[in-house]
Amino acid sequence: MITAILLLSPRTIRRRLGQLRDSGLYPRVPTPFQLSIGVLRMWHRLLFRTETVGFSSEHPVRESWRARALRWRPIRFPFLMLERAIAPWDMSGLLSSPKRVQRHLMGAHHDVEQYVYDLQMLAATPEHLDALQAELDLLLEGRHPRGEWLRDLCVYEGYHEDLARGLARFRAAPPGLHSRDPDVCFFAYLDWCARQPESLQALRAARRAGRFSLPEGLQWTP
């Protein structure tokens with residue numbers, strides 16, 4: 001029951017995890033229950049570590065009036081929804097199509113290298129990395145029909161330039177583990193999920209023993 005509530009479509013999630021495993025990019029995939037714990041971790045991050053979502057630690061807000069208004073996340077939220085740049089019901093990203101992930105990268109700010117998470121999701125379909133590259137090129141060359149709007153929607157100066165450099169580095173290297181931080185790396189997130197209890201009973205036992213908490217997850221004892 002809890003898995004169905006948190007994942008919304010466990011059947012779709014199982015299919016996407018199977019595709020990921022079969023692609024050979026990441027053979028160790030978590031179970032749907034373990035992934036649901038990962039979704040809870042994402043909600044915990046959104047509620048209690050808000051400074052890690054939608055803010056820039058390196059760049060100033062753009063000078064345009066739209067960017068200055070959109071820096072306030074409650075104001076930005078409906079525009080991100082209309083742009084289909086975020087899917088708040090899909091906290092793992094595994095329910096989103098590659099096209100939706102591309103829209104997310106183009107329209108939602110990712111601090112430092114948080115975009116690696118989404119690039120790794122697109123790695124199984126290289127044609128969507130090509131599509132992202134083409135759209136970025138249009139924006140950076142000033143030929144994107146909605147380029148200034150997307151820049152303002154991402155609020156901070158230099159975001160798309162950082163994304164373009166990150167995409168180039170990503171495509172030049174193997175798509176494996178780029179960081180051990182599950183906030184940054186999709187494969188690290190899957191690895192974190194795969195280390196969690198495999199059933200509700202096991203989760204409850206770990207909590208009673210003081211061996212589980214969010215966001216740290218299951219703590220192994222010698």
Side-chain angles (χ1 to χ4, degrees), residues 42 45-47 49-88 90-94 96-123 125-173 175 177-189:
M42 290 288 199
R45 175 190 176 195
L46 189 64
L47 293 173
R49 294 189 291 128
T50 58
E51 74 282 357
T52 68
V53 182
F55 290 113
S56 175
S57 60
E58 296 184 347
H59 298 297
V61 174
R62 285 169 55 81
E63 290 296 326
S64 72
W65 68 267
R66 287 189 306 199
R68 292 198 301 271
L70 292 169
R71 67 177 174 171
W72 306 106
R73 288 188 302 178
I75 296 175
R76 198 187 325 172
F77 180 81
F79 293 99
L80 288 170
M81 290 293 293
L82 287 171
E83 187 66 31
R84 300 185 70 219
I86 59 172
D90 180 20
M91 296 301 285
S92 71
L94 285 166
S96 295
S97 67
K99 182 63 177 176
R100 186 70 178 254
V101 174
Q102 181 183 335
R103 294 178 72 93
H104 176 63
L105 283 165
M106 290 296 297
H109 182 269
H110 294 68
D111 195 24
V112 192
E113 292 191 335
Q114 291 176 357
Y115 50 74
V116 167
Y117 187 105
D118 302 283
L119 293 178
Q120 287 180 324
M121 295 192 73
L122 294 179
T125 54
E127 64 273 17
H128 289 98
L129 288 175
D130 293 339
L132 175 63
Q133 181 72 67
E135 189 172 10
L136 270 173
D137 288 345
L138 286 176
L139 187 147
L140 296 177
E141 293 166 6
R143 298 186 293 115
H144 195 294
R146 298 187 307 124
E148 286 304 302
W149 163 242
L150 290 174
R151 283 186 180 276
D152 285 342
L153 187 59
C154 290
V155 177
Y156 296 97
E157 290 286 0
Y159 167 69
H160 292 93
E161 287 78 3
D162 285 349
L163 177 59
R165 287 190 289 268
L167 177 57
R169 290 193 300 270
F170 180 83
R171 302 192 79 171
L177 195 68
H178 283 235
S179 165
R180 295 194 178 277
D181 185 350
D183 291 348
V184 172
C185 177
F186 178 56
F187 292 159
Y189 173 73

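Predicted model only: the values in this text are computed from it and were never measured.
You'll find the side chain of Ser57 reaches within 4.5 Å of the side chain of Val112, heavy atoms only. Between Arg62 and Arg71, the closest side-chain pair of non-hydrogen atoms is not below 4.5 Å. At a threshold of 4.5 Å between non-hydrogen side-chain atoms, the residues Arg146 and Leu138 do not count as touching. The shortest distance between side-chain heavy atoms of Leu150 and Glu135 falls below 4.5 Å. When side chains are defined from C-beta on, Pro182 does not count as touching Tyr117, because their heavy atoms never get closer than 4.5 Å. At least one side-chain heavy atom of Leu105 sits under 4.5 Å from a side-chain heavy atom of Leu119. Counting heavy atoms from C-beta outward, His59 and Asp162 have side chains that approach closer than 4.5 Å. Residues Thr50 and Arg73 meet the side-chain proximity criterion, which asks for heavy atoms closer than 4.5 Å.
Closest of all the heavy-atom pairs between Ala123 and Leu129 is CA-CD1, 4.2 Å. Listed here is the closest heavy atom pair of Gln133 and Arg171: CB-NH1, 4.0 Å. Taking every heavy atom of both residues into account, Leu140 and Ala164 meet most closely at CD1-CB, 3.6 Å. The shortest non-hydrogen separation linking Ile86 to His104 is CG2-ND1, 4.1 Å. Contact between Ala108 and Ala85 at its shortest, heavy atoms only, is CB-O, 4.0 Å.
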Check against side-chain contact (heavy atoms from CB on, under 4.5 Å), Phe79 and Trp149: CA-CA 11 Å; Phe79 293 99; Trp149 163 242; 3.9 Å; yes
Stepwise side-chain contact (heavy atoms from CB on, under 4.5 Å) check, Met106 with Leu136: CA-CA 8 Å; Met106 290 296 297; Leu136 270 173; 3.9 Å; yes
side-chain contact (heavy atoms from CB on, under 4.5 Å) assessment of Phe186 paired with Val116: CA-CA 7 Å; Phe186 178 56; Val116 167; over 6 Å; no
side-chain contact (heavy atoms from CB on, under 4.5 Å) between Glu113 and Ser179, intermediate numbers included: CA-CA 10 Å; Glu113 292 191 335; Ser179 165; over 6 Å; no
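Considering Arg151, His109, Glu58 as possible partners of Tyr156, the one that fulfils the side chain to side chain contact (heavy atoms under 4.5 Å, CB included) test is His109.
Defined by atom type and a distance below 3.5 Å, a donor-acceptor pair is present between the side-chain atoms of His110 and Tyr159. Side-chain atoms of His128 and Thr125 include a donor-acceptor pair closer than 3.5 Å.
Panel note: side chain Asp90, backbone Gly93; a donor-acceptor pair is recorded below 3.5 Å. A donor-acceptor pair is defined here as one N or O able to donate and one able to accept, closer than 3.5 Å; such a pair exists between the side chain of Arg45 and the backbone of Thr52. Side-chain N or O atoms of Arg100 include one that pairs as donor or acceptor with a backbone N or O of Arg84 at under 3.5 Å.
A distance of 5.0 Å separates CE in Met91 from CG in Leu46, rounded to the nearest 0.5 Å. Separation of atoms CG (Asp111) and CD (Glu51) is listed at 10.5 Å; rounding is to 0.5 Å. Between Leu163 atom CG and Phe170 atom CZ the span is 11.5 Å, to the nearest 0.5 Å. With rounding to the nearest 0.5 angstrom, the CD atom of Gln120 is 13.5 Å from the OH atom of Tyr189. Distance check: Gln114 CD to Asp181 CG gives 8.0 Å after rounding to the nearest 0.5 Å. Cys154 SG to His160 NE2: the interatomic distance, rounded to the nearest 0.5 Å, is 4.0 Å.
Using a cut-off of 4.0 Å between Lys/Arg side-chain N and Asp/Glu carboxylate O, Asp183 and Arg49 are scored as salt-bridged.
Applying the salt bridge (charged side-chain N to carboxylate O under 4.0 Å, His left out) criterion to Arg68, with sequence neighbours excluded, gives no partner residue.
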